[in-house]
Amino acid sequence: MTTTSTSPLARPEGVLQVAFSADLTGPASEPTLGELSQPAHLLPATATMAAVDLLFRRDAALRWVVVTAPGAPQLVSRSWFELAMTGRLGYGRLLLQRRPVLDAAPPTTLAFAFDCPIATVAAAVIARRSGGDALLDAVLVTGPDGALSVAPVTAVFEQLAQRYAYQALHDPLTGLPNRLFLLERLRQAHAAGTTGVLFSIDLDRFKDTNDHLGHAAGDDVLVEFAARLRTVARTGDLVVRLGGDEFAVLTEAPLSAAQSTALAERIVLTAAAPYVVTARTGPGGEHLVSLGASVGVAGASGAGDLTPDALLHQADLAVHQAKSLGRGRVAHFGAELLEDAEPSDAVRAQHAMERRLRQAIESQALQLHYQPVVSLPSAQVIGVEALARWEDEELGRVAPDRFIPLAERTGLIVDLGRWVLQTACREAAGWAAGPSGLLPTVAVNVSPVQLAQRGFIDDVTAALTDSGLAPDRLCLEITETAAITDLDATAARLAQVRDLGVRLALDDFGTGHSALSLLRALPVHLVKIDRSFIEQVASDTADAVLARLVIEAAHSLGRRVCAEGVETAEQAQQLVAMGCDSAQGWLFGRPEPASPRLAALLTSRALSEPLAAGAVLPLGNDELVLVTTPGRIVTYASATSQAVLGWLPQEITGTDLTSSFYLDDPAPTGPWDDGTAVHRVRHRDGSVRWLESTTRQLTDDAGRVREVLSVSRDVTATVQARRALTDSELMFRHAFDDAPIGMLLARTDGTLLRANRAFSALLGTGTEALQHRRVQDLTPVADRAGQFSAVRALFAVADGRTELSTSFRHADGSDVPVTVRVSVVRDADGAPTSVFAHVLPEPARVAVPV
């Protein structure tokens with residue numbers, strides 16, 4: 001039997017996508033932290049923020065430095081450092097650059113020995129992130145000789161995913177791939193257009209072995225039969241345990257009806273040979289067991305292009321037919337076994353489009369159209385965006401919003417995206433420079449499915465190398481919705497792309513979980529405002545304010561901004577007034593294929609008349625400036641008080657600000673102390689707004705406060721966006737609860753701290769009912785003494801055990817056989833704090849009467 005690594009041709013959507021992209025050809029290894037670490041850049045304890053800032057500026061690939069404080073080295077990440085140096089209003093670099101790094105209070109470092117198991121590190125990271133540390137992106141690794149290195153958190157979880165992926169896709173008893181692995185292989189074969197023959201195998205009279213000799217003897221039969229199947233299967237065939245006493249064999253190539261019958265009959269014969277097993281219960285000793293097997297065959301010659309689900313369904317019907325014929329038989333699927341086999345018109349149309357799209361990608365029958373991107377306010381072309389277009393002989397012109405989602409669902413987006421990337425780079429490499437002397441850039445949209453592929457970086461590198469296009473002329477666009485699904489992993493992958501010199505853009509900003517934190521976390525150069533914000537930017541104040549907030553926020557974080565869907569001169573004029581850097585839309589040009597006309601457009605001075613500088617909607621400056629006495633009586637209010645508070649300046653002057661508008665007690669950390677604070681105010685209309693105020697106390701010669709100056713900005717949208725981001729970040733914290741494998745976190749004495757839903761479902765109860773209970777108390781009452789001792793030993797730190805087969809008590813009173821695997825979680829000093837355990841169900845054991 002051979003099990004080749006999974007192909008990127010077709011990936012199922014959902015939580016198993018990462019698992020299927022892992023290397024599943026061999027047992028999941030148990031890597032140590034040292035294998036994932038990289039050399040640390042060491043700095044002395046006296047290193048200043050300015051020195052670290054210089055290092056990060058010089059080396060874009062440098063993500064962390066280690067300050068070697070005596071006895072407690074401190075890990076400093078770029079993400080925390082950039083946030084600290086930016087500050088709330090962007091003045092952090094001026095205020096902090098001379099301070100030592102350690103005085104800036106970086107987050108507490110997580111440190112582990114080089115031989116620490118990955119699961120232990122992951123558990124500690126999850127605990128820290130559950131506590132609110134969203135900036136934890138690496139851990140410190142100490143070598144046996146005292147050397148220091150750094151392990152990225154993304155690498156830790158990637159390795160952990162590899163290990164769990166193998167466990168999720170293989171049967172722990174026989175070591176064979178399981179049903180999910182078979183489904184993936186079928187999807188690969190279907191995507192490649194080569195479907196073999198599927199043999200569904202059901203052991204006959206297997207239940208009798210379990211009932212009379214015990215489950216251990218039954219396990220011996222299953223292991224032996226799995227070994228026999230491997231010998232019957234040919235090189236390249238896939239042998240699978242579907243579950244219980246059900247197995248399957250998938251051939252690598254199609255077989256004729258005669259060939260498939262011969263192979264099925266060999267399976268029946270090998271299953272019929274006696275098995276020697278040892279009974280652990282009932283009549284002990286060795287026993288000779290005779291079984292048999294029924295085999296159903298589907299996908300033999302003439303079966304056509306079957307989908308994975310259809311092939312599995314046909315094999316299942318065939319094996320049931322074989323059993324109905326008297327067991328120990330072979331049955332082929334026939335049309336008479338399938339009722340209501342005709343699919344609906346919609347399903348047929350979808351399948352037809354999928355086939356046509358696959359053919360179009362393979363034959364490169366699609367086209368690329370390019371839409372100009374212009375700088376503002378000059379309207380001079382600075383680049384284009386590449387857009388895939390498909391016109392099929394049978395289906396006619398197919399809109400992108402129809403075939404792009406289809407390509408993502410079926411995995412065809414990987415091949416389609418690779419073709420778009422290669423073609424765009426090749427055609428852009430031949431374009432001449434514009435009037436400014438700069439060569440135009442080309443932007444290519446990247447699907448989240450592409451971004452998740454291991455070979456994505458290689459695809460980008462190959463496209464640049466083969467075309468000769470300079471990396472800084474390529475811009476890859478990702479959607480914010482895709483980015484926030486797994487923010488840390490996306491940021492890490494984008495950092496790799498940026499290291500190549502390629503530019504990055506955050507596309508469709510404003511359509512998903514938009515937040516300043518997203519802009520800060522992703523290493524993008526450009527933010528593209530979604531067309532839904534641009535449609536009414538010149539006619540609706542709310543949309544104009546939102547667009548301006550995005551532009552200002554992006555600029556404050558060092559990003560440029562491009563507006564999509566600009567169709568009128570008024571929209572462009574409003575964007576110019578807001579300081580938008582570039583734009584694209586029908587006002588400047590519609591998408592068109594590469595041609596001499598497009599080449600002429602790229603070298604033209606401008607695509608429209610010069611854009612006016614005045615805004616259609618004069619929004620003005622949104623900063624509120626207030627001057628008060630030390631007793632907080634307003635002596636001056638800027639004209640923006642009406643926009644921010646709803647009151648005219650003359651209505652505010654002379655009033656006590658705290659009693660009239662401010663909802664938060666200003667003392668001792670309110671907006672009246674020197675510094676910056678975010679606080680609530682009451683608008684004239686009764687609504688609550690959030691202001692970010694920078695306050696400075698002005699003193700006289702004697703040092704007495706004579707006036708208080710505050711500059712406030714309405715950050716209501718920002719606060720709400722951050723709260724929305726916080727809600728989305730809760731999804732990460734729920735990863736533990738939603739894991740498909742039973743998981744629990746317990747103290748070293750076995751007291752449960754947290755259990756996920758899969759574990760509680762295994763026991764037929766709710767997670768709340770398991771809180772503060774001990775794992776030992778969940779064992780069956782009849783075997784409490786023995787189980788108590790075994791489980792207690794498993795959770796004892798000094799014992800050293802990591803795995804135990806035991807049983808838990810189900811809510812209905814039955815016993816649930818499980819395998820418990822544990823990892824000890826230790827703090828930075830190496831002291832054990834808790835135990836992280838995975839609970840995997842085993843086949844049910846049936847008690848034998850004595």
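Remember, it's a predicted structure, so these values are computed and weren't measured experimentally. For the numbers below, each heavy atom of this structure counts, side chains included, while hydrogens, waters and symmetry mates do not.
- Atom CZ of Arg389 has more than 12 heavy atoms from other residues, nucleotides or ligands within 6.0 Å.
- Distance check: Asp415 CG to Gln364 CD gives 11.0 Å after rounding to the nearest 0.5 Å.
- Each ring pair (Phe, Tyr, Trp, His ring centres under 6.0 Å) pair with one or both residues in residues 357-387, not counting sequence neighbours, appears once here: Tyr370-Trp431.
- The local environment of CZ in Arg560 is sparse, with at most 12 non-hydrogen atoms from other residues, nucleotides or ligands closer than 6.0 Å.
- The nearest pair of heavy atoms linking Val446 to Leu451 is CG1-N, 4.2 Å.
- For Arg498, the side chain to side chain contact (heavy atoms under 4.5 Å, CB included) partners at least two apart in sequence or on another chain are Leu504, Pro523, His525.
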Q) What do the steps show when you test Gln359 against Asp392 for side-chain hydrogen bond (donor to acceptor under 3.5 Å, both in side chains), and what is the final call? A) CA-CA 10 Å; Gln359 294 171 6; Asp392 187 73; over 6 Å; no
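- No side-chain donor-acceptor contact under 3.5 Å links Ser77 to the backbone of Asp137.
- With sequence neighbours excluded, the residues that form a side chain to side chain contact (heavy atoms under 4.5 Å, CB included) with Thr655 are Val634, Ile652, Ser660, Phe661.
- Residues that satisfy the ring pair (Phe, Tyr, Trp, His ring centres under 6.0 Å) test with Phe56, not counting sequence neighbours, are Phe81.
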Q: Apply side chain to side chain contact (heavy atoms under 4.5 Å, CB included) to Phe588 and Val373, showing your working.
A: CA-CA 8 Å; Phe588 308 108; Val373 178; over 6 Å; no
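- No side-chain donor-acceptor contact under 3.5 Å links Gln450 and Asp459.
- Using a 4.5 Å heavy-atom threshold, the side chains of Leu506 and Leu526 count as separate.
- The side-chain heavy atoms of Trp690 and His679, taken from C-beta on, include no pair separated by under 4.5 Å.
- Side chain of Ser693 to backbone of Thr695: no donor-acceptor contact under 3.5 angstrom is found.
- When every heavy atom of Val442 is checked against every heavy atom of Ala428, the shortest pair comes out as CG1-CB, 3.7 Å.
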Q: Go through the steps to decide whether Arg682 and Val688 satisfy the test side chain to side chain contact (heavy atoms under 4.5 Å, CB included), and finish with yes or no.
A: CA-CA 5 Å; Arg682 182 186 294 108; Val688 175; 5.7 Å; no
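- Residues Ala583 and Leu376 share a closest heavy-atom pair of CB-CD1, 4.0 Å.
- A distance-only check finds a donor-acceptor pair linking the side chain of Asp581 to the backbone of Val561 [under 3.5 Å].
- Applying the salt bridge (Lys or Arg N to Asp or Glu O under 4.0 Å) rule to pairs touching residues 364-377 yields nothing, sequence neighbours excluded.
- Side chain of Ser375 to main chain of Ser378: no donor-acceptor pair is present (N/O by atom type, distance under 3.5 Å, no hydrogens or angles).
- The shortest distance between side-chain heavy atoms of Arg402 and Trp390 does not fall below 4.5 Å.
- Residue Arg684 qualifies as enclosed at atom CZ: its count of foreign heavy atoms under 6.0 Å is above 12.
- For the side chain to side chain contact (heavy atoms under 4.5 Å, CB included) criterion with Arg418, the lone passing option out of Leu421, Val414, Val420 is Val414.
- By the salt bridge (charged side-chain N to carboxylate O under 4.0 Å, His left out) test, Glu535 pairs with no residue at all, sequence neighbours left out.
- Side-chain contact of Thr676 with Thr694: a donor-acceptor pair under 3.5 Å is present, judged by distance alone.
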**Q.** Derivation and outcome, side chain to side chain contact (heavy atoms under 4.5 Å, CB included), residues Leu387 and Leu368
**A.** CA-CA 6 Å; Leu387 303 168; Leu368 277 190; over 6 Å; no
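- Annotation: salt bridge (charged side-chain N to carboxylate O under 4.0 Å, His left out) contacts of Asp685 (sequence neighbours excluded): Arg689.
- For Arg597, the salt bridge (charged side-chain N to carboxylate O under 4.0 Å, His left out) partners two or more places apart in sequence, or in a different chain, are Glu592.
- Listed by chain and number, the residues in a side chain to side chain contact (heavy atoms under 4.5 Å, CB included) with Thr441 amount to none (sequence neighbours excluded).
- A 4.5 Å side-chain heavy-atom check between Met353 and Val398 finds at least one atom pair inside the cut-off.
- Identified under the salt bridge (Lys or Arg N to Asp or Glu O under 4.0 Å) test for residues 465-479, with sequence neighbours left out: Glu477-Lys528.
- In this structure Ala365 satisfies the side chain to side chain contact (heavy atoms under 4.5 Å, CB included) test together with Ala360, Ser363, sequence neighbours excluded.
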Q) Hey, mind stepping through Cys475 and Val502 against side chain to side chain contact (heavy atoms under 4.5 Å, CB included) and telling me if it holds? A) CA-CA 6 Å; Cys475 180; Val502 175; over 6 Å; no
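- With values rounded to the nearest 0.5 angstrom, Leu439 atom CG is found 9.0 Å from Leu469 atom CG.
- Applying the salt bridge (charged side-chain N to carboxylate O under 4.0 Å, His left out) rule to Arg397 yields the partners Glu391; only residues at least two apart in sequence or on another chain are considered.
- Between the side chains of Gln371 and Gln584, at least one donor-acceptor pair of N or O atoms lies under 3.5 Å.
- The line from CG of Asp714 to NE2 of His683 is 8.5 Å long, rounded to the nearest 0.5 Å.
- A 4.5 Å side-chain heavy-atom check between Leu412 and Leu357 finds at least one atom pair inside the cut-off.
- Here Thr718 contributes atom OG1 and Arg713 contributes atom CZ; the two are 9.0 Å apart, rounded to the nearest 0.5 Å.
- Note: Cys562 SG to Ile551 CD1 = 10.5 Å, rounded to the nearest 0.5 Å.
- For the residue pair Asp499 and Ala60, the shortest heavy atom distance occurs at OD1-O, 4.0 Å.
- Val444 and Ala424 get closest at one heavy-atom pair: CG2-CB, 3.8 Å.
- Pro377 and Val576 make their closest contact through CB-CG1, 3.7 Å (heavy atoms, listed as atom of the first residue, atom of the second, distance).
- Note: Ser447 OG to Ile404 CD1 = 8.5 Å, rounded to the nearest 0.5 Å.
- Looking at Val497 and Ile457, their side chains come closer than 4.5 Å, going by heavy atoms from C-beta outward.
- Side chain of Ser467 to main chain of Ala463: a donor-acceptor pair is present (N/O by atom type, distance under 3.5 Å, no hydrogens or angles).
- Checking side-chain atoms of Gln571 against main-chain N and O of Thr568 turns up a donor-acceptor pair under 3.5 Å.
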